[in-house]
Amino acid sequence: MNDLLKIPCVLMRGGTSRGPFFLASDLPRERAERDAALLSIMGSGHPLQIDGIGGGNPVTSKVAIIGPSTIKGADIDYLFAQVRTDRQYVDYSPNCGNMLAAVGPFAIEAGLVAAQDNDTLVRIHNVNTGKLIEAKVPTRGSEVIYLGDASIDGVPGLGAPIALTFMDAAGAKTGKLLPTGKPVDMIDGVETTAVDCAIPMALMRAADLGVTGYEDPQALTGNSDLIERMNRIRICAGKLMGMGDVSDMVIPKPVLVAPARNGGTLSVRYFMPNDCHPSLATTGAVGIATAAVTEGSIAYDMAGRLSVPTQVRIEHPAGRLDVQLEMRTGAITAGLVRTARRLFEGFAFAKPIAAIEYAA
């Protein structure tokens, strides 16, 4: 195997996502070489990612790159990479809050953070957005505890609860909660809330696009007219948000919002951006919950005009995700609970950059 690159790797589930975790020091330093390695490892450019370890779906084609913190006030750096399944492209524009759930456990077991006797607080600097997130990881002695009695919708079984707190997540990419300066913009005849909190999103009422917002993910993903129109809206929203041409980016994420049906605050369908998420992104939940307390947004009235502090219960295709909003030093913090699990450790093998054909 001398013609392949051998890279230490840990496969982990974080929340409702899954992907390989790497130490930054184990990957090539040059971005082009690093991207080539990730594309080869994941098998991108084939719908099944048959020549790699990706799962052929956006929620299983994610990568976490972890290293020592480069800023004060954080313990570690976390760089997230969304590796496209449909073509050979690595997108560093978003953050992933589900993968984030496994960052703390990985960092502790990699020796980057010392474990405490009863829970270990890991302060994470998300390199993609420049934001800080606190993760309270269950530990005992020097070991991470993965087994517990916490459940999250979208994942079978139980696990140890990992509490995530997003510190002042507003303006993750643009620097503003409402980058267009307005809570609602009319885009392609649809009232749209362009919000940037944990991740940029374009929120739309499902009914305004001719659907209920309660459809299963497969039906929505297969609705080509809906996907095409939402894509037009999100590209226009990206320009209005000051992000330029976002046609090759996965942000802003389109989100369909509908009234809750099962005792929650809102019902949503979250897109990535052309596939409907089988549950809900953690970063998406943070942004949607914040939009629900932002006066004038399309989520505000639908949620019942909430104010902070409050709990926002977001219904999604696999169940519900609860977000607790609080005020801390003048900014909204968002807390939620996820679980994670270490699945496999060993080495990933990548073709050298010269052996990879890049899509035009």
Side-chain angles (χ1 to χ4, degrees), residues 4-5 7 9-22 27 34-65 80-102 152-157 199 215-224 226-228 230-231 234 247-251 253-254 269-284 316-318 340-351 355-360:
L4 297 177
L5 301 176
I7 304 172
C9 171
V10 176
L11 186 67
M12 301 193 74
R13 175 187 62 79
T16 56
S17 295
R18 188 189 71 223
F21 280 60
F22 299 97
L27 289 170
R34 182 182 67 198
D35 287 2
L38 297 181
L39 291 167
S40 176
I41 288 169
M42 300 303 284
S44 290
H46 185 277
L48 298 179
Q49 294 181 311
I50 199 69
D51 196 34
I53 64 174
N57 185 284
V59 300
T60 53
S61 189
K62 300 182 175 187
V63 173
I65 303 171
F80 169 69
Q82 180 72 62
V83 183
R84 296 288 291 265
T85 58
D86 54 343
R87 57 194 179 93
Q88 293 180 324
Y89 183 73
V90 182
D91 191 351
Y92 296 100
S93 60
N95 179 17
C96 177
N98 274 305
M99 290 283 278
L100 181 67
I152 61 172
D153 291 333
V155 177
I199 194 166
E215 293 86 353
D216 64 52
Q218 295 81 4
L220 293 172
T221 298
N223 188 335
S224 58
L226 173 69
I227 297 296
E228 181 181 353
M230 285 196 304
N231 198 42
R234 81 167 196 93
S247 55
D248 284 334
M249 299 166 63
V250 296
I251 56 173
K253 305 279 191 177
R269 294 296 184 266
Y270 180 91
F271 291 77
M272 309 175 287
N274 297 323
D275 298 273
C276 183
H277 200 295
S279 54
L280 177 59
T282 298
T283 46
H316 57 73
R341 192 160 81 88
R342 195 177 182 95
L343 302 174
F344 178 86
E345 62 180 80
F347 296 93
F349 295 91
K351 298 175 183 177
I356 297 177
E357 295 180 1
Y358 281 90

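Side chains included, hydrogens not; waters and symmetry mates left out as well; all remaining heavy atoms used.
- A heavy-atom distance below 4.5 Å is found between the side chains of Pro94 and Phe80.
- Not one N or O on the side chain of Gln82 forms a donor-acceptor pair closer than 3.5 Å with the backbone of Val90.
- Within the 3.5 Å criterion, the main-chain N or O of Phe344 finds no donor-acceptor partner in the side chain of Arg342.
- Summarising the geometry, atom CZ belonging to Arg18 is positioned 10.5 Å from atom CZ belonging to Arg13; distances are rounded to the nearest 0.5 Å.
- Looking at every heavy atom in both residues, Met272 comes nearest to Pro278 through CE-CD, 4.4 Å.
- Partners of Asn231 by side-chain hydrogen bond (donor to acceptor under 3.5 Å, both in side chains), not counting sequence neighbours, listed by chain and number: Arg234.
- Within the model, atoms CZ of Phe347 and CD1 of Ile7 stand 10.5 Å from one another, a figure rounded to the nearest 0.5 Å.
- In the model, Tyr270 has no side-chain atom that pairs as donor or acceptor with a side-chain atom of Asp275 under 3.5 Å.
- The ring-ring contact (aromatic ring centres under 6.0 Å, His included) search around Phe271 returns none, not counting sequence neighbours.
- At a cut-off of 3.5 Å, with distance as the only test, a side-chain donor of Ser61 or Gln49 sits close to an acceptor on the other residue.
- Residues Leu343 and Leu11 meet the side-chain proximity criterion, which asks for heavy atoms closer than 4.5 Å.
- With Lys351 as the partner, the side chain to side chain contact (heavy atoms under 4.5 Å, CB included) test is satisfied by one option alone out of Leu5, Leu39, Asp51: Asp51.
- Residues Ser17 and Cys96 come closest through the heavy atom pair OG-SG, 4.1 Å.
- One N or O on the side chain of Asp91 and one on the backbone of Val250 form a donor-acceptor pair closer than 3.5 Å.
- Taking all atoms of both residues into account, the shortest heavy-atom contact from Ala350 to Ile41 is CB-CG1, 3.8 Å.
- For the pair Arg269 (side chain) and Glu215 (backbone), a donor-acceptor distance under 3.5 Å is present.
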Exercise for the section: List the steps, then state whether salt bridge (charged side-chain N to carboxylate O under 4.0 Å, His left out) holds for Asp248 with Arg87. Expected result: CA-CA 11 Å; Asp248 284 334; Arg87 57 194 179 93; 3.2 Å; yes

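- Scanning all heavy atoms of the two residues, the minimum distance from Ala340 to Ala101 falls at CB-O, 3.8 Å.
- Distance check: Leu38 CG to Ile65 CD1 gives 5.5 Å after rounding to the nearest 0.5 Å.
- With hydrogens and angles left out, the side-chain atoms of Asn98 and Thr282 include a donor and acceptor closer than 3.5 Å.
- In this structure, the side chains of Thr16 and Val59 stay at 4.5 Å or more apart for every pair of heavy atoms.
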Show your reasoning for whether side-chain contact (heavy atoms from CB on, under 4.5 Å) applies to Asn95 and Ile199. CA-CA 7 Å; Asn95 179 17; Ile199 194 166; 5.8 Å; no

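- Closest approach of Val155 to Gly15, counting heavy atoms only: CG2-O, 3.2 Å.
- Side chains of Met230 and Leu220 form no contact here, defined as non-hydrogen atoms less than 4.5 Å apart.
- Interatomic distance, OH of Tyr92 versus CG of Asp35, reported as 3.5 Å (0.5 Å rounding).
- Contact of the Pro20 side chain with the Met12 side chain is not registered, since no non-hydrogen atoms from C-beta on lie closer than 4.5 Å.
- Nearest heavy atom pair, residue Thr221 against residue Asn274, reads CG2-O, 3.9 Å.
- For the pair Lys62/Val83, no side-chain contact is recorded, criterion being any heavy-atom separation below 4.5 Å from C-beta on.
- Between Ser93 and Met249 the shortest side-chain heavy-atom distance falls below 4.5 Å.
- Within the model, atoms SG of Cys276 and CD1 of Ile227 stand 7.5 Å from one another, a figure rounded to the nearest 0.5 Å.
- Under a 3.5 Å cut-off, the side chain of Thr60 and the backbone N or O of Asn57 do form a donor-acceptor pair.
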